[in-house]
Amino acid sequence: MAGGGGAVSRGAAVPRGLAVPRGAAVSGGAAVFRGATVVDGTGADRYRSDVRIADGMIAEIGDGLISGTGHGLPAAREVDADGLVLAPGFIDMHAHSDLALLLEPEHPAKVTQGVTCEVLGQDGLSYAPVDDTTLSALRRQLAGWNGDPADFDWDWRDVGGYLDRLDRTGVAVNTCYLVPHGSLRMLAMDWADRPPTPAELDRMRQVLARSLLDGAVGMSSGLSYTPGMYADTAELVELCTVVAAYGGFHAPHQRSYGAGALEGYAEMVEIARRSGCALHLTHATMNFGVNRGRAGELLDLVDEALADGVDLTLDSYPYLPGSTTLAALLPSWATEGGPAATLARLADPAACERIQYAVEESGSDGCHGVVTDWATIQLSGVRSPALADAVGRTVAELAAEQGRGGTEVFLDLLRQDELATTILQHVGHEENVRAIMRHPAHTVGSDGLLVGARPHPRAWGTFPRCLGHYSRELGVLTLEEAVARMTGRPAARLGLHRRGRIAPGYHADLVLFDPQRVRDAATFEQPRLPAEGIEHVYVNGTAVVRQGRTTGARPGRALRRTDRGARAA
């Protein structure tokens with residue numbers, strides 16, 4: 001799945017002096033990494049070599065490379081890489097940094113992990129394409145995911161405008177963007193719980209095509225979130241046919257990760273077959289008690305689809321708990337019409353009685369068809385200062401302390417915090433995490449929310465945790481395989497041009513780390529601690545982390561798909 005050309009085969013000698021193709025240079029500094037252990041992103045065996053970068057590109061790989069200006073070369077910083085691994089920069093296949101990059105463009109949460117590229121627009125909900133009405137609703141709906149900053153300049157409405165804003169701001173990492181299906185649906189038909197009319201479907205197709213031409217790499221969907229959950233299979237096939245025509249892929253948050261997980265995955269594969277669209281299963285997990293030990297059934301489905309010719313990849317995060325908003329646990333009927341309509345229902349005793357039945361008896365579709373266990377629902381962030389003391393507590397703990405039922409506390413929290421509460425959901429299984437991680441189609445996504453007092457530590461720890469805990473300590477993956485799943489393989493899925501590999505002529509998105517020390521330091525109690533063992537990180541040839549400290553540089557770019565399906569350099 002890694003891209004072709006320029007690879008160093010297993011056991012082969014590294015050729016000396018391979019140069020950047022003429023015309024390939026972009027902005028960036030010069031450096032020589034001396035005596036690095038190169039893990040090149042293909043899965044091939046590591047090797048020891050010097051690596052020189054110049055003008056934002058990998059210029060040469062070989063022993064004893066020259067770095068001085070006396071040989072017609074730019075002056076290069078010398079970096080002692082003895083004992084350190086030099087790898088391509090890590091690619092976060094599932095990021096929720098859509099606003100964080102604009103509010104804190106130095107982006108310490110990700111660059112300190114070695115991340116050099118993120119995929120935004122996830123789970124069918126983000127801020128482009130929008131109009132004034134849908135933007136207002138999305139800001140409210142996504143406050144728990146991304147915050148809703150006051151006095152922020154929302155100066156874009158389409159995908160091209162959002163990508164332009166990232167470039168104007170200047171951000172630390174490169175970005176790719178998925179067109180969010182839920183946002184498309186809002187534009188065409190508001191929050192209606194029905195199939196689209198032909199005219200509404202045509203509008204979704206047109207806006208989707210325009211967004212792909214503007215640079216999006218595919219489409220995401222959020223099929224357990226409103227309004228995306230109201231879409232049927234036929235609607236998604238129609239839209240994925242458009243995505244396929246532009247060489248993109250579909251990245252679904254499918255309908256259930258609980259009672260209906262396998263059926264949900266099977267529907268996504270069927271959409272891929274019928275539309276001809278490539279499929280990337282985001283946060284591919286098998287959660288809740290009903291799925292303990294059942295990862296093999298998902299992987300059998302994946303293998304069957306691959307054998308049938310479906311272009312399929314997946315990502316997962318190396319943790320057990322999930323993370324979402326508290327409002328996501330509501331049944332879908334309770335959220336029809338958007339946040340204002342939802343809050344109105346929460347003030348209606350009859351509606352609250354129906355909600356209680358769904359979460360306690362029948363299994364809310366918002367909780368993946370599983371009866372909610374309030375002991376597994378831990379608050380991670382609130383908007384209202386009056387609720388700050390509840391952060392870190394489970395709904396069950398709050399209910400016991402107050403002498404009330406869990407659902408009663410749940411409904412009160414939603415009202416008081418106006419749906420902005422975020423949660424950790426402790427529903428994962430270690431055997432499933434390891435089995436999915438071993439599959440050859442696997443890549444890595446953090447799915448990390450960056451707001452709240454105690455967000456999930458995966459926002460700061462995903463990539464070093466894969467390298468430290470799961471590779472070095474547990475041996476689930478070799479170092480070479482772990483790096484390939486975070487670099488070359490996701491780059492191939494995204495269609496990135498000359499990225500995700502260490503080879504001459506590739507962009508100098510690089511991370512230098514200590515393989516014996518690298519680990520995640522972020523915990524559930526202290527979730528914003530930077531990783532250990534990540535020494536240097538370069539984006540487009542410019543250091544964003546040097547000797548373990550962020551530099552404040554913002555060399556990242558929005559990486560756009562051209563109208564020919566290729567990736568702009």
Side-chain angles (χ1 to χ4, degrees), residues 1 93-94 119 122-124 178 181-182 218-225 228-237 239-240 243-244 248-318 320 322 324 328 332 363-370 425 427-429 431-445 447 485 489-490 493:
M1 293 173 63
M93 286 296 289
H94 192 105
V119 186
Q122 300 285 352
D123 294 331
L178 295 164
H181 164 253
M219 181 183 78
S220 75
S221 55
L223 305 178
S224 68
Y225 298 120
M229 64 168 55
Y230 303 139
D232 60 17
T233 302
E235 176 183 326
L236 293 165
V237 168
L239 295 175
C240 283
V243 176
F249 64 93
H250 179 210
H253 170 117
Q254 54 113 344
R255 297 189 194 276
S256 174
Y257 294 89
L262 289 173
E263 293 83 356
Y265 286 122
E267 181 193 12
M268 299 304 104
V269 171
E270 178 64 16
I271 290 166
R273 286 194 174 105
R274 289 168 57 183
S275 66
C277 187
L279 173 63
H280 181 79
L281 297 173
T282 64
H283 43 53
T285 58
M286 293 288 287
N287 286 338
F288 301 91
V290 295
N291 289 319
R292 181 181 294 276
R294 298 184 69 192
E297 297 175 59
L298 165 61
L299 299 178
D300 286 345
L301 176 67
V302 168
D303 287 338
E304 181 182 347
L306 289 167
D308 287 347
V310 176
D311 183 357
L312 190 158
T313 51
L314 55 87
D315 69 60
S316 69
Y317 47 80
L320 301 189
T324 187
S332 56
S364 166
D365 53 359
C367 195
H368 307 280
V370 176
Q425 202 165 7
V427 292
H429 308 290
E431 64 272 31
N432 287 347
V433 169
R434 296 189 195 186
I436 292 167
M437 188 180 289
R438 290 188 182 102
H439 194 276
H442 172 259
T443 65
V444 178
D447 195 17
R485 291 154 191 264
R489 294 180 190 175
R493 163 52 74 218

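Please read all numbers here as calculations on a predicted model, not as lab measurements.
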request  = Just do the side chain to side chain contact (heavy atoms under 4.5 Å, CB included) check on Q425 and T324 with the steps written out, would you?
outcome  = CA-CA 8 Å; Q425 202 165 7; T324 187; 4.2 Å; yes
Got a second to check how far [X]'s [atom1] is from [Y]'s [atom2], nearest 0.5 Å?
X    : Y    : atom1 : atom2 : value
L314 : M93  : CG    : CE    : 10.0 Å
R485 : T313 : CZ    : OG1   : 12.0 Å
L306 : D311 : CG    : CG    : 8.5 Å

I'd like to check [X] versus [Y] (side-chain heavy atoms, cut-off strictly below 4.5 Å). Are they in contact?
X    : Y    : value
H280 : T443 : yes
M286 : Y265 : yes
F288 : C367 : yes
S224 : H253 : yes
R489 : H442 : no
H181 : E235 : yes
R294 : L262 : yes
T282 : D447 : no

task = Take the angle between the ring planes of H283 and Y257 and call it parallel below 30°, perpendicular above 60°, tilted in between.
result =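 It falls in the perpendicular class, over 60°.
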Closest approach of [X] to [Y] (non-hydrogen atoms, all atoms of both residues):
X    : Y    : result
A435 : A295 : CB-CB, 3.9 Å
G124 : S220 : N-OG, 2.9 Å
N291 : A261 : ND2-CB, 3.8 Å
M268 : Q254 : CG-CB, 3.7 Å
I436 : A284 : CD1-O, 3.3 Å
A305 : V269 : CB-CG1, 3.7 Å

If we ignore hydrogens and angles and just use 3.5 Å, is the side chain of [X] paired with the main-chain N or O of [Y] as donor and acceptor?
X    : Y    : result
H439 : A441 : yes
S275 : V237 : no
R292 : E431 : no
S221 : L223 : no
Q122 : A251 : no
D315 : H94  : no

task = List the steps and the verdict of salt bridge (charged side-chain N to carboxylate O under 4.0 Å, His left out) for R255 and D365.
result = CA-CA 8 Å; R255 297 189 194 276; D365 53 359; over 6 Å; no
task = Start with the C-alpha gap between N432 and T285, add the side-chain angles, then the distance that decides, and say whether side chain to side chain contact (heavy atoms under 4.5 Å, CB included) holds.
result = CA-CA 7 Å; N432 287 347; T285 58; over 6 Å; no
request  = Go through the steps for H250 and V243 under the test side chain to side chain contact (heavy atoms under 4.5 Å, CB included), then give the verdict.
outcome  = CA-CA 7 Å; H250 179 210; V243 176; 5.6 Å; no
key: CA sep, side-chain torsions, deciding dist, call: L239, M219, side chain to side chain contact (heavy atoms under 4.5 Å, CB included)   = CA-CA 9 Å; L239 295 175; M219 181 183 78; 4.0 Å; yes
